[in-house]
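One structure is given here, and the rest of the page talks about it.
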Amino acid sequence: YGGCDKRRARQERIADCGRLYRLRGTCNGKPYSDRQENGSRDVSIRLRHRICHFIKGSFVDIVQRFLNYTKINTTTNRVAGAAGIMPSNPKELELAGLIKGELEALGIKNISLSEKSILIAKIPSNLDAPAARVAFFAHLDTSAEQSGDTKAQIVRYEGGDICLNKELEIYLKASENEELQDYKGDEIIVTDGTSLLGADDKAAIAAIVNALEFFVQNPQIKHGEIIACFVPDEEQGLRGAKALDVSEIGADFGYCLDCCGIGEFIYENWNAGDCVVTFKGQSAHPMNAKGKLVNSLLLAHKFISLLPAGEAPEYTEGKEGYFWVKELSGNSAKTVLKIDVREFDEKRYEQRMEFLQKTADGLRAIWGDRIEISLNDRYKNVYNFLKNDDAPAIRFAKQAFKSLNIEPKIKPMRGGYDGAVISAKGLPCPNLFTGGHNFHSIYEYLPVGSLKAASEVVKQIITLAAAQA
C-alpha cells in the first residue's frame with residue numbers, strides 16, 4: 001500500500017469491480033501522507049490496517065462481512081445486565097461502532113448511535129410519491145450459552161459429517177442434523193467446535209447492511225425510506241428492544257431477522273407472562289414445632305399441586321400453552337416460586353393469568369397474608385398487532401419469498417424475540433430467517449446460500465413496497 005503505483009492499481013481493481021467510490025487519497029479521513037510524514041514502519045502498518053478496515057466496511061462481500069462481525073465477541077453479560085448496564089458487554093458498542101463506520105463509508109448520512117449501543121440508520125426515499133417506510137432490526141449480542149471467541153471456518157459440504165475440530169474430535173453429525181442434506185454442494189460456515197458461530201444474530205446484521213449497500217450503489221432502483229436498527233442484549237429479556245424509542249424509527253412496519261433456516265417466517269409467538277408467588281412460613285424448632293411451625297416450602301408445593309396436570313412445557317407442542325414451574329427457592333420460613341406463563345391466544349393467556357390470581361386469592365382466604373402474588377406481562381404475540389394475514393408486513397414478505405422462489409415455512413414461535421416488544425410499541429414487526437441453524441450451540445452453522453437469500457428477501461421487500469407507492 002506504500003507506493004503510488006500500488007495505490008493506483010488498487011483503485012483500478014475497485015473500479016473493475018463496479019464500485020463507485022473514490023478514496024481520493026484518504027482512508028477513513030486519514031491521509032496516505034501519514035507514512036511519509038512519520039517515516040516509520042509501525043505507522044505504515046497501522047495505515048495498512050485502516051485501509052483494510054475501509055475495504056471490509058465498504059467493498060467486501062456478505063460472507064466476509066459476516067466473518068468480520070464474528071471476530072468481535074459480543075456475548076451478553078447477564079451479571080451486568082441484571083445490574084442495569086446497557087450494553088451488558090462493551091464489545092456490543094464496539095460492533096455497533098464498526099457497523100456505523102461501514103454505513104458512513106457507504107455515504108449514508110442519517111445515522112445515530114446511542115451510549116446504550118442502539119444504532120439507527122436511514123436511507124431517504126428516492127420516490128416522488130409517498131411509500132411505505134420499512135425498518136429492519138437485528139441484535140448485536142450473542143447467547144451466553146458459550147462465551148469463547150468465535151473461530152469460524154468455511155467448508156464445502158458434500159455430504160456426511162463435518163469435522164469441526166479434528167484435535168478435539170468434534171463433528172457436526174449428519175445423523176443428528178437431517179437438514180444438512182439440503183445443503184449438499186453449498187458452502188457452509190461453521191465453528192471450530194469451541195464456541196458459538198454468532199449467526200444469531202450477526203448473519204442478520206450482514207444481510208441488512210448488504211441490502212443497504214445495494215440500494216446506495218444502485219440509486220436508479222426506486223425505494224421508500226429504509227431504516228436499519230441494531231439493538232443490544234436481546235439474549236437477556238429483549239432489553240435492547242425495551243429500551244428502544246420506536247418514535248425514532250418512524251417506520252410503518254418492520255421486520256426482525258432472528259429466526260433460523262431459509263424460508264422461515266414467523267408472525268406468531270407467545271403471549272408471555274411472569275408469575276412470582278411468595279410464601280411466608282413460621283419457623284420453629286422441630287422438638288416443639290407442633291402447632292407452631294408453618295413450612296413455606298409445603299405451602300408452595302400446595303400451590304403447584306393446583307396447577308392443571310399436563311399443561312407444562314414437557315407435555316405441549318405447537319400452539320399449546322403452559323405453566324412452567326421454573327424456579328423454587330427458599331426454606332421453611334420463606335419460599336419464592338417463579339412460574340412462566342405462555343399462550344398464543346390472547347384471551348387464553350388472560351385466562352391463565354386470571355387462574356393464577358384466583359388460585360392465590362383462594363389460598364389467601366385460608367392462609368391469610370402468608371401468600372403474595374405478582375403477575376406481569378413480559379411480551380405479547382406479534383399477531384395481536386398484525387391483526388390478520390393480509391397485513392402489509394406479512395403480505396410483502398410472502399410476495400418476496402414467491403418472487404425469489406423460496407418456499408415459506410410459516411410456523412408459530414414457541415418463544416419471543418425483539419419484534420414482540422417492538423410490535424407492542426406500535427410498529428408491527430414479524431420475523432424473517434437469517435439462514436442459520438443450531439443457535440446457541442457449538443454446532444451452529446450457516447449455509448452461505450441461505451445468508452445471501454436472507455439479504456435478497458430484504459431487498460425484495462423494499463422493492464415491492466416501493467412498487468405499490
Side-chain angles (χ1 to χ4, degrees), residues 10 13-14 17-21 23 27-28 49-74 91-108 111 113 117 119-121 123 136-142 149-155 186-191 195-218 226-231 255-258 262 432-436 444-460 462:
R10 173 174 171 274
R13 287 197 299 273
I14 291 172
C17 293
R19 307 299 189 184
L20 303 179
Y21 303 100
L23 299 184
C27 179
N28 287 354
H49 287 171
R50 287 199 298 269
I51 295 170
C52 290
H53 171 75
F54 185 89
I55 295 171
K56 289 178 181 178
S58 297
F59 307 118
V60 73
D61 69 10
I62 189 172
V63 174
Q64 189 59 53
R65 190 188 300 281
F66 168 72
L67 293 175
N68 292 342
Y69 296 157
T70 68
K71 294 174 184 176
I72 301 177
N73 187 334
T74 57
K91 290 287 187 177
E92 295 179 73
L93 189 57
E94 179 181 332
L95 176 57
L98 170 62
I99 299 165
K100 180 174 183 286
E102 291 178 347
L103 299 178
E104 289 173 337
L106 291 174
I108 298 174
I111 305 174
L113 175 58
S117 197
L119 174 62
I120 302 172
I123 297 178
F136 298 90
F137 297 88
H139 62 88
L140 300 162
D141 61 323
T142 55
D149 291 344
T150 296
K151 299 179 181 64
Q153 53 185 325
I154 302 176
V155 300
D186 197 359
E187 290 185 323
I188 299 178
I189 308 172
V190 297
T191 74
S195 70
L196 303 176
L197 179 60
D200 176 17
D201 202 26
K202 291 171 183 173
I205 301 172
I208 294 169
V209 174
N210 186 70
L212 297 183
E213 181 181 40
F214 172 80
F215 286 102
V216 169
Q217 290 181 346
N218 296 277
I226 309 167
I227 304 100
C229 180
F230 308 100
V231 299
Y255 300 88
C256 285
L257 278 72
D258 198 14
I262 184 170
L432 297 169
F433 70 89
T434 61
E444 185 179 5
Y445 68 92
L446 176 64
V448 169
S450 300
L451 171 62
K452 293 179 178 179
S455 190
E456 290 303 315
V457 168
V458 172
K459 298 174 192 175
Q460 192 67 23
I462 293 168

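Just so it is clear, the values below take in all heavy atoms, side chains as well, and ignore hydrogens, waters and symmetry mates. Keep in mind it's a predicted model, so treat the numbers as computed, not measured.
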(Q) Check this for me: Lys91, atom NZ, are more than 12 non-hydrogen atoms of other residues, nucleotides or ligands nearer than 6.0 Å? (A) no
Q: For side-chain contact (heavy atoms from CB on, under 4.5 Å), just list the numbers for Asp200 and His139, CA-CA rounded to whole Å, side-chain angles, deciding distance to a tenth of an Å, and then say yes or no.
A: CA-CA 8 Å; Asp200 176 17; His139 62 88; 2.9 Å; yes
**Q.** Reported OG1-to-CG distance for the pair Thr70 and Leu196, which is rounded to 0.5 angstrom
**A.** 11.0 Å
(Q) Among residues at least two apart in sequence or on other chains, which ones pass salt bridge (charged side-chain N to carboxylate O under 4.0 Å, His left out) with Lys100? (A) Glu104
**Q.** Results of side chain to side chain donor-acceptor pair (under 3.5 Å) for Asn218 - residues two or more places apart only
**A.** Gln220
Q: State which residues pass ring pair (Phe, Tyr, Trp, His ring centres under 6.0 Å) with Phe136; sequence neighbours excluded, sorted by chain then number.
A: Tyr255
Q) Which residues satisfy the ring pair (Phe, Tyr, Trp, His ring centres under 6.0 Å) test with Tyr445, sequence neighbours excluded? A) His437
Q. Distance-only, no hydrogens or angles: does the Glu444 side chain make a donor-acceptor pair with backbone N or O of Gly198 under 3.5 Å?
A. yes
(Q) Please enumerate all residues that pass side chain to side chain contact (heavy atoms under 4.5 Å, CB included) together with Ser450, with sequence neighbours excluded. (A) Tyr183, Ile262, Pro447
Q: If a pair satisfies salt bridge (charged side-chain N to carboxylate O under 4.0 Å, His left out) and one of its residues is in residues 201-210, list it, with sequence neighbours excluded.
A: none
Q) With sequence neighbours excluded, what pairs up with Leu67 under the side chain to side chain contact (heavy atoms under 4.5 Å, CB included) test? A) Val63, Gln64, Ala152, Ile154, Ile189
**Q.** Residues that Gln153 engages under side chain to side chain donor-acceptor pair (under 3.5 Å), provided they are two or more places apart
**A.** none
Q) Looking at CG of Asp149 and NZ of Lys71, how far apart are the two atoms once the value is rounded to the nearest 0.5 Å? A) 12.0 Å
Q) How about Thr434 and Asp258: do any of their side-chain heavy atoms sit closer than 4.5 Å? A) no
Q) Just how far is it from atom OG1 of Thr74 to atom CG of Leu93, taken to the nearest 0.5 Å? A) 12.0 Å
Q | CG-CG distance between Leu212 and Leu103, expressed to the nearest 0.5 angstrom | A | 6.0 Å
Q: Taking Glu102 for its side chain and Arg65 for its backbone only, find out whether a donor-acceptor pair lies under 3.5 Å.
A: no
Q: Might you work through the side-chain contact (heavy atoms from CB on, under 4.5 Å) test for Leu140 and Leu119, ending with a clear yes or no?
A: CA-CA 10 Å; Leu140 300 162; Leu119 174 62; 5.8 Å; no
Q.
Can you tell me how far apart CZ (Phe66) and CG (Leu451) are? Round to the nearest 0.5 Å.
A. 7.0 Å
Q.
As a quick check of understanding, evaluate side-chain contact (heavy atoms from CB on, under 4.5 Å) for Val458 and Phe214, giving each step before the final call.
A. CA-CA 11 Å; Val458 172; Phe214 172 80; over 6 Å; no
Q. Side chain to side chain donor-acceptor pair (under 3.5 Å) with Lys452: which residues, sequence neighbours excluded?
A. none
Q | ring pair (Phe, Tyr, Trp, His ring centres under 6.0 Å) against Tyr69, all qualifying residues, sequence neighbours excluded | A | none
(Q) Can you tell me how far apart CD1 (Ile227) and CD1 (Ile462) are? Round to the nearest 0.5 Å. (A) 9.5 Å
Q: Just jot down the side chain to side chain contact (heavy atoms under 4.5 Å, CB included) partners of Ser455, sequence neighbours excluded, or say none.
A: Ile62, Ala207, Asn210, Ala211, Lys459
